[in-house]
Amino acid sequence: MAVMSSRRTKFVLDEEQIPRAWYNIAADLPVPPEPVLHPGTGQPIGPADLAPLFPMALIAQVVSTDRDIEIPEPVRDAYRLYRPSPLYRAHRLEQALDTPAHIYYKYEGGSPSGSHKPNTALAQAYYNKAEGVTRLATETGAGQWGSALAFAGAVFGLEIKVFMVRASYDQKPYRRMLMETYGAEVVASPSLSTEYGKKVLAETPDNTGSLGIAISEAIEDTVSHPGTKYSLGSVFDFVLLHQTVIGQETILQMELAGEEPDVIIGCAGGGSNFAGLTFPWLGRTFRGGRTYRVIAVEPEAAPSLTRGVYTYDFGDTAQMTPLVKMHTLGHDFIPEPIHAGGLRYHGMAPLVSLLKEHGHIEARSVHQRASFESGVQFARSEGILPAPEPTHAINVAIDEALEAKASGRPKVILFNLCGHGHFDLSAYERYLSGQLEDYEYPVEKVEAALAGLPKV
Ligand SMILES: Cc1ncc(COP(=O)(O)O)c(C=O)c1O
């Protein structure tokens, strides 16, 4: 194959260009966010309601409307271990597709735990430590979030307890071992270590778990252990905020490349890597700049944004979290055990839902076989093995590039390659040997779960 020698493939920044502040989209939103409600009273919650779960510094970030929220120096210093992350031009994928489109991807898989998740794990661990917390409890789907928090716990000296969704615990033993190597304690959820886990197992002994159940267990663990707070890897406003380092760096890197994206794409489970990439770009639009097509991609097996209802719901199955307005499939909905464990969630971040509801972003859903096919095509052209979650974004990026070819209209596509798939090889093996199944959108299960929505 003829390869041009002068083409630039990587756009890299200096460590000094790691952002000094997170970008808070609340400062620029064209519509105000909906209030978070107390599950008991139905009234808007205040800081005191969240204090049992989170340190005050994080609660302050949720209510802040400052555009720039300074990144504490110890967090920025830990970011130096892997930030700035590179932006790649996917020349070889473009060639394989024979497309006139230019494709760029931001690679977050080079972090110590292999995804974008340490961007918020380090921040959360830092603020908890600073306020005297000694132990954090959390849930993990794919194991990426648990690994990131375990790593952050090691950096800032905190004990970490992880409730890992049973389906992933069985599919990904090496993720558990990585977390344990960082010093965390990991149990499969539903587990026997909480009252809620025991109840679920008594009713359904073969339960494969869900993020909704694991969140309930982590919250119960938090409120029943002194010195413990709760930490989460997605959905909440402050998690999305911490991820905006991704988009801010990308704006500088696209300047280096001398191009502007027409389409910006991210996979969306709870919405944090998608928001991290896209919010800084959307902020430019909201401040009067040009518009971009922004697309969130989710699995057909858990399509909250494309088929869910925009309403108040709980973030977890046991109804312990505050009520947030979001696109939801119902907090009782347990998605099929697809391999993109990080996308197996019944809801979506309220900020992402708000933007979808008001037409500022688009959403698409993709079956798991199609997304793995795109992941394999990407690996064979670009060399990086993607985690199952971002293969959803790759699938839509390829679609957009093929559309450019069919229409003869070039475009610039930017997507987030938010994690590597080195711990997901058994899923790739199942795909390659033809054993991977697609799960149809489960209409009846979702209808049943929606019937259990809280009345607000
Ligand atoms: C690699 C990867 N991508 C995406 C996600 C989905 O989460 P979010 O939508 O918050 O980025 C996860 C969650 O575990 C993940 O591990």
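Read the numbers this way: they start at 1 and go in the same order the structure lists the ligands and their atoms.
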Inventory of protein N or O atoms under 3.5 Å from ligand 1 N or O:
from	atom 1	to	atom 2	distance (Å)
ligand 1	7 (O)	K117	NZ	3.2
ligand 1	9 (O)	G269	N	2.7
ligand 1	9 (O)	G270	N	3.1
ligand 1	9 (O)	G271	N	2.8
ligand 1	9 (O)	S272	N	3.4
ligand 1	10 (O)	K117	NZ	3.4
ligand 1	10 (O)	S234	OG	2.4
ligand 1	10 (O)	S272	N	2.9
ligand 1	10 (O)	S272	OG	2.7
ligand 1	11 (O)	H116	NE2	3.0
ligand 1	11 (O)	S272	OG	3.3
ligand 1	11 (O)	N273	N	2.9
ligand 1	11 (O)	N273	ND2	2.9

In chain order, what residues pass the ring pair (Phe, Tyr, Trp, His ring centres under 6.0 Å) check against Y310, with sequence neighbours excluded?
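Scan of Y310 (ring pair (Phe, Tyr, Trp, His ring centres under 6.0 Å), adjacent residues dropped) gives H327.
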Applying ring pair (Phe, Tyr, Trp, His ring centres under 6.0 Å), name anything that partners F333, two or more places apart in sequence or on another chain.
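So F333 forms no ring pair (Phe, Tyr, Trp, His ring centres under 6.0 Å) with any residue.
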Which residues share a salt bridge (Lys or Arg N to Asp or Glu O under 4.0 Å) with E437, sequence neighbours left out:
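In terms of salt bridge (Lys or Arg N to Asp or Glu O under 4.0 Å), with neighbours along the sequence ignored, E437 is linked to no residue.
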Close side-chain approach of T317 and S210, heavy atoms under 4.5 Å:
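Yes, at least one pair of side-chain atoms sits under 4.5 Å.
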For the aromatic rings, using the six-membered ring if either is Trp, is the centroid distance between H339 and Y431 under 6.0 Å?
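No, too far apart.
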Is the ring pair Y104/H102 parallel, tilted or perpendicular, if the boundaries are 30 and 60 degrees?
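Geometry flag for H102 against Y104: perpendicular rings.
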